[in-house]
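Order of appearance sets the numbers: ligands from 1, and atoms from 1 within every ligand.
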Amino acid sequence: MASPDVSIVIPVYNEEGILRDAVTELLEGLDVVRTALHWPDLTFEIILAENGSRDATVELAEHLASEFAEVRTFSLGEPNYGKALRRGIEEASGKWVICEEIDLCDLDFHRRALELLRHGDADFVVGSKAMKGSNDERPLFRRAATRVMNGLLWASVGFRGTDTHGLKAFHRTRLLPIVEQCVIDRDLFASELVIRAGRARLRVVEVPIRLAEKRAPAINLTSRVPNVLRGLVKLTYAVRTGKKL
Ligand SMILES: Nc1nc2c(ncn2[C@@H]2O[C@H](COP(=O)(O)OP(=O)(O)OP(=O)(O)O)[C@@H](O)[C@H]2O)c(=O)[nH]1
Ligand SMILES: [Mg+2]
């Protein structure tokens, strides 16, 4: 396939329950995006970035890749969200990259982000579930965790946005040097990318999103806390000193 306009990178882990429906709905929904943007020949690829699944996710992803020309997949070993997302971005060939989550597939975000990117109004669009105008339907505990995480990033590295996790879209070649600078994997790779992009004076624009998950998260939030805190220490050190801890 020739390089598409847009690469949609979706990390997936133990998603046999929703993978097939989510990908087929996304493929259908992309037509709605083309129509809404008055861009009938807009082309996409979908990269399913898997690692560590213990269910049938790998087989299902490979089947989808053989069925649909727009779908590609790879598997990397042990579960690691950041590592999978990073490799997906590095494998992407589109002019723009959209980082998605399989339980969201928010076409309205795709439309708004591509509108900003194609008119040169942003280099990096971040979907925020915490800014004015957003609507976060997750339980209170997880909404509070987003606020706490953001507060920690304000205090530790001077981040001044409202959200670093979740949906993102960017101009691929403008962001690749920033991706190369990132040293953190797992949950905080996505935060490091947003923070470094802002510090590099790229035009980072937040847009409010409505967040309604198709299922509860696979990993319990409390069990992620130790890893996230370790990542935060490493991230602070790396951003402040330019060196890896
Ligand atoms: N490859 C890979 N994908 C993962 C991993 N953990 C989660 N994902 C994927 O990342 C996306 C978001 O995962 P969720 O389980 O919904 O987590 P979440 O708590 O909603 O994530 P945030 O609140 O945005 O941090 C989904 O597409 C998952 O399949 C992992 O270890 N490896
Ligand atoms: Mg989720």
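- With hydrogens and angles left out, the side-chain atoms of S134 and S128 include no donor and acceptor closer than 3.5 Å.
- Judged purely by atom type and a 3.5 angstrom limit, T73 uses its side chain to pair as donor or acceptor with the backbone of L48.
- For residue D103, an N/O/S atom approaches the Mg ion (ligand 2) to within less than 2.8 Å.
- Using a non-hydrogen distance threshold of 4.0 Å, E100 does not register as a contact of ligand 1.
- Near V12, with a cut-off below 4.0 Å to any heavy atom, the atoms of ligand 1 are 1 (N), 2 (C), 3 (N), 29 (O).
- Close approach of ligand 1 to R138 (heavy-atom distance below 4.0 Å) involves ligand atoms 23 (O).
- The shortest contact between atom 27 (O) of ligand 1 and any protein heavy atom is with P11 O, 2.7 Å.
- Checked by atom type, the side-chain pair T146/R138 shows a donor-acceptor distance below 3.5 Å.
- Donor-acceptor pairing under 3.5 Å is lacking for the side chains of E59 and H63.
- Between F74 and I47, the closest side-chain pair of non-hydrogen atoms falls below 4.5 Å.
- Not a single heavy atom of R186 sits closer than 4.0 Å to an atom of ligand 1.
- Using a 3.5 Å distance cut-off with no hydrogens or angles, the side chains of S7 and E45 do pair a donor with an acceptor.
- Residue-level proximity to ligand 1 for M149 is absent, since no heavy atom of it falls below 4.0 angstrom.
- Contact analysis puts A49 in contact with ligand 1, with a non-hydrogen atom separation below 4.0 angstrom.
- Taking every heavy atom of E15 and a limit of under 4.0 angstrom, the matching atoms of ligand 1 come to 26 (C), 28 (C), 29 (O).
- Residues M149 and V239 are members of one and the same hydrophobic cluster, defined by side-chain heavy-atom contacts under 4.5 angstrom among Ile, Leu, Val, Met, Phe, Trp and Tyr.
- Taking every heavy atom of both residues into account, D163 and A130 meet most closely at OD2-N, 4.5 Å.
- Every atom of ligand 1 with a heavy atom of N51 under 4.0 Å away is listed here by number and element: 1 (N), 2 (C), 30 (C), 31 (O), 32 (N).
- Note on K234 versus E192: no salt bridge recorded, every NZ/NE/NH1/NH2 to OD/OE distance being 4.0 Å or above.
- Here the shortest heavy-atom distance to atom 31 (O) of ligand 1, taken over L104, D103, N80, belongs to N80.
- Note on R72 versus E91: salt bridge recorded, some NZ/NE/NH1/NH2 to OD/OE distance being below 4.0 Å.
- Of the candidates K83, K129, E101, the one placing a heavy atom closest to atom 12 (C) of ligand 1 is E101.
- Here the protein heavy atom with the shortest distance to atom 14 (P) of ligand 1 is R215 NH2, 3.8 Å.
- E206 and T162 share a donor-acceptor pair across their side chains, judged by distance under 3.5 Å alone.
- For ligand 1, one of its N or O atoms has an N or O atom of I102 under 3.5 Å away.
- Per-residue contacts place E213 under 4.0 angstrom from the following atoms of ligand 1 (heavy atoms of the residue considered): 20 (O).
- For atom 17 (O) of ligand 1, the nearest non-hydrogen atom from the set G82, P217, A216 belongs to P217.
- Of the listed options R142, H165, E50, R142 places a heavy atom closest to atom 18 (P) of ligand 1.
- With 3.5 Å as the limit, one finds a donor-acceptor pair spanning the side chains of S75 and E50.
- For ligand 1 and A84, the ligand atoms under 4.0 Å from any heavy atom of the residue are 1 (N).
- A212 approaches L104 most closely through the heavy-atom pair O-CD2, 4.2 Å.
- Y13 CB, 3.4 Å is the protein heavy atom nearest to atom 4 (C) of ligand 1.
- Side chains of D185 and N80: a donor on one and an acceptor on the other come within 3.5 Å.
- Within E213, OE2 is the N, O or S atom that lies nearest to the Mg ion (ligand 2).
- The shortest contact between atom 25 (O) of ligand 1 and any protein heavy atom is with R224 NH2, 2.8 Å.
- Those atoms of ligand 1 that come under 4.0 Å of a heavy atom in P79, given as number and element, are 31 (O).
- Among protein heavy atoms, atom 15 (O) of ligand 1 sits closest to A218 N, 3.2 Å.
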